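Report on the structure given below.
These numbers come from the heavy atoms of this one structure, side chains and all, not from hydrogens, waters or symmetry mates. Letters A, B, ... are given to chains in the order of the sequence lines, protein chains preceding strands, and every chain is numbered from 1. Values in this document were obtained by computation on a predicted structure and should not be read as measured data.
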Amino acid sequence: MNNPNQATNYRTHYCGELSAENISNQVSVCGWVKRRREHGEKLAFIDLYDHTGIIQCVVDEKLNLGGEFVLKITGTVSERPEGTVNPNIKTGDVELTECEVEILNKAEPPPIPLDERVEVDENLRLRYRYLDLRKEKIQKNLRVRAKINEAFRSSMSEQGFLELETPLLIVSTPEGARDFVVPSRLHNGNFYALPQSPQIFKQLAMVGGIDRYYQIARCLRDEDLRADRQFEFMQLDVEASFVNQEDIIEIITAATKNALCAVLGDEISEAVEFSEMTYETAMENYGSDKPDTRFEMLLTDITQIFENTQANVFKAECLKAINVLGGVDKISRAQIDDLTDFSKKLGAKGLAWFKVGPKVDAAESLDGPLTKFLSADEMKALVESVSASSGDLILVIADTHQVANRVLGQIRVQLGTELSLTSGNEIQSAEDLNFVWVTDFPLFEGLDETGTPICAHHLFTMPHEDDIDLLVTGGGEGMLKARSLAYDLVLNGWELGSGSIRIHKPDIQERVFAALGLSEEETKKRFGYFLDAYKFGAPPHGGFALGIDRFTALLSGEENIREVIAFPKTQTGQDPMTGAPNRISDIHLKELGVQVPPEEK
RNA sequence: GGUCCUGUGGUGCAGCCUGGAGUGCACGCCGCCCUGUCAAGGCGGAGGUCGCGGGUUCAAAUCCCGUCAGGACCGCCA
């Protein structure tokens with residue numbers, strides 16, 4: 001027996017683990033009826049399945065079975081007669097014969113087909129999630145997820161990290177995402193918040209001398225949902241003392257590699273590369289802080305070429321171009337129009353395009369609606385700057401620096417999909433997984449309407465040592481140049497996680513607060529307990545948090561994290577199975593000291 | 001808060017553009033037949049508030065407006 005510990009008084013084997021090695025063994029299997037093929041009174045084939053797979057059982061009597069009936073079948077493992085082997089299933093060499101069938105439970109016909117090939121409406125899938133879960137794909141995904149969690153735990157433990165639990169009922173802070181809140185019964189009118197992350201606690205754990213903390217933590221954010229976002233999600237949450245950025249990168253890389261090995265095996269995992277690039281490089285070359293580095297087609301700055309141009313549309317702060325190799329044949333005019341619409345939706349004024357023809361003279365070979373406004377020198381320089389040759393398509397966005405990068409970056413990703421420049425979500429080899437550490441994130445992401453900087457990460461992020469002076473001398477715009485010791489881990493264009501080195505010295509923290517225009521009184525009110533802690537000898541420390549849902553989705557070849565979550569919610573945050581969220585009784589509300597608007601109709 | 005796509009027997013689709021009887025396909029379900037099938041096969045049958053509301057029209061699944069639900073995205077997610 002392969003899994004002796006999983007034999008029970010009901011069964012000796014799982015359906016999917018029977019093979020030629022078991023031939024002539026008497027076995028018992030339990031599971032659900034996948035399909036039946038009945039041939040009159042004396043012969044029927046029953047495909048019984050559990051999470052491990054399907055086994056064909058040969059029954060020589062007429063049974064009144066329905067799909068999804070729960071059976072225990074005891075029989076003999078037999079080699080299939082010649083010509084009846086089924087190579088499509090794992091157990092296709094064998095079948096169960098001389099079967100004794102016990103119906104453990106009947107089942108109504110399922111409201112959704114449990115056939116993998118049928119794509120069922122999301123609402124129905126979630127309403128009957130317990131049936132959806134029986135499908136092979138989700139079973140596999142959830143097991144990948146468990147393996148990842150297990151590998152993370154063992155790696156963190158090996159690296160000397162202590163698994164520490166932090167509270168779910170915490171204090172609400174105005175920073176960051178919207179909090180989910182919980183009314184207090186004992187303190188009417190007061191609310192707990194559910195943690196957006198255990199950030200505060202893991203940092204205080206460092207002050208507390210825990211040294212190395214980790215947790216597979218549930219985080220909750222009341223923001224609108226997306227394919228890669230649910231209200232509640234899981235993070236591998238990490239914090240360590242006496243470390244710098246390189247230490248954290250090393251620790252997380254090791255944990256991530258351990259998870260890759262667990263899921264994909266050692267051979268592929270060891271060949272997977274982790275690269276590093278600065279935020280600035282990512283933005284300039286990929287137009288994104290989460291660059292998909294599986295393919296090239298980098299953004300090129302061509303602003304200088306058109307410094308004195310006569311073409312009005314190119315009189316802009318910044319011009320960026322990408323060269324679509326062979327794009328003339330691969331991209332239709334209709335696709336270009338779609339991309340133009342796409343750019344406009346994303347905030348650009350338009351998308352300029354040039355087809356490169358076969359002529360030697362660059363100016364003569366270019367074709368496109370804007371060529372008549374450009375000089376020969378400009379066209380020549382354009383073609384050279386992106387190393388274009390005959391058959392290539394050059395796309396240009398002229399706008400502000402920020403818009404040009406962002407929009408062209410999204411077009412690049414879109415084209416990556418349309419032109420199949422990546423393997424999509426399939427993972428066949430190490431090249432299909434491209435990890436990038438993006439470092440040197442800016443400390444501030446912009447200025448608010450009063451000219452005050454807005455934190456890019458959080459308030460406790462350590463500024464880059466070379467840029468600390470900018471906080472004092474830089475002024476509003478100047479401060480935006482300040483870098484921080486914040487970093488992201490990116491996989492195939494998805495932000496997997498982020499972290500930073502924290503400020504552990506009160507004087508630096510004060511400088512950041514001052515830059516943000518926060519008075520001492522205000523910071524005391526908002527973060528008093530936290531700042532107090534840092535007066536009593538906080539060690540240098542930093543950390544990271546890695547999104548388990550996204551990581552699992554990517555390793556499972558899924559585009560939506562719902563596919564790797566057992567009981568997810570819809571895009572509007574509802575659970576069609578349980579009906580959450582719902583109204584609660586007036587008595588309940590009264591006890592909590594909460595008033596709500598009357599129910600409509 | 002916004003944009004786009006989708007909503008038709010239990011399920012997945014077609015029909016909608018160009019209005020004319022709830023029309024069609026596949027799966028599932030029920031009944032009968034069938035001793036080597038494996039997405040079994042054959043014959044027969046049941047099953048519908050065309051998401052909901054309003055409008056236009058002699059007539060609406062189809063056109064228009066609104067609304068609800070699902071999905072993708074923008075905003076948002078320190």
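- When Watson-Crick and G-U wobble pairs are counted only if both distances are under 3.5 Å, B:rG48 pairs with no nucleotide at all.
- Here B:rA72 presents its P atom at 15 Å from CD of A:Q414, a figure rounded to the nearest Å.
- In terms of phosphate contacts, A:Q196 brings no side-chain nitrogen or oxygen within less than 4.0 Å of OP1 or OP2 of B:rC77.
- With a cut-off of 3.5 Å on both Watson-Crick or G-U wobble distances, the partner of B:rC34 is given as none.
- Counting atom types as modelled, A:R229 pairs a side-chain N or O with a base atom of B:rC76 as donor and acceptor under 3.5 Å.
- Rounded to whole Å, the distance from CZ on A:F69 to P on B:rC29 is 11 Å.
- Pairing partner, B:rG24: B:rC13, with both Watson-Crick or wobble hydrogen-bond distances short of 3.5 Å.
- Contact annotation: A:T84 does not reach the phosphate of B:rC38 (side-chain N/O to OP1 or OP2, under 4.0 Å).
- Taking only distance into account, the side chain of A:R226 meets the base of B:rG75 through a donor-acceptor pair shorter than 3.5 Å.
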Quick one: do A:Q410 and A:Q414 satisfy side-chain hydrogen bond (donor to acceptor under 3.5 Å, both in side chains)? Show the steps, please. CA-CA 6 Å; A:Q410 298 213 41; A:Q414 179 68 27; over 6 Å; no
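- Contact record, A:S197 with A:R221: CB-NH2, 4.1 Å, taken as the closest heavy-atom pair.
- With P as the reference atom, B:rG42 and B:rG28 are 11 Å apart, rounded to whole Å.
- Distance CD1 (A:I46) to C1' (B:rU37): 12 Å, rounded to an integer number of Å.
- The partner of B:rA59, taking Watson-Crick or G-U wobble pairs whose two distances both stay under 3.5 Å, does not exist in any strand shown.
- No hydrogens or angles were tested; on distance alone, nothing pairs the side chain of A:R35 with the base of B:rC38 as donor and acceptor under 3.5 Å.
- Distances shorter than 4.0 Å separate none of the side-chain N or O atoms of A:N86 from OP1 or OP2 on B:rG36.
- No donor-acceptor contact under 3.5 Å links the side chain of A:N123 to the base of B:rG71.
- Look at CD on A:Q56: it is 10 Å from P on B:rC38, rounded to the nearest Å.
- Geometrically, A:K202 does not engage A:Y213 in a cation-pi contact defined by less than 6.0 Å to the ring centre and at most 45° from the axis.
- Rounded to whole Å, the C1' atom of B:rG48 lies 8 Å from the corresponding atom of B:rU8.
- Below the 3.5 angstrom threshold, one finds a donor paired with an acceptor across the side chain of A:E95 and the base of B:rG36.
- Applying the 4.0 Å criterion to OP1 and OP2 of B:rU37, one finds that A:R37 has every side-chain N and O outside that range.
- Pairing partner, B:rU3: B:rA72, with both Watson-Crick or wobble hydrogen-bond distances short of 3.5 Å.
- A donor N or O paired with an acceptor N or O is found under 3.5 Å between the base of B:rC38 and the side-chain atoms of A:R80.
- B:rA46 and B:rC32 have their C1' atoms separated by 15 Å, given to the nearest Å.
- Electrostatic pairing of A:K42 and A:E61 does not count as a salt bridge here, judged by no charged N lying under 4.0 Å from a carboxylate O.
- In the displayed structure, A:N64 atom CG is contacted under 6.0 Å by at most 12 heavy atoms of other residues, nucleotides or ligands.
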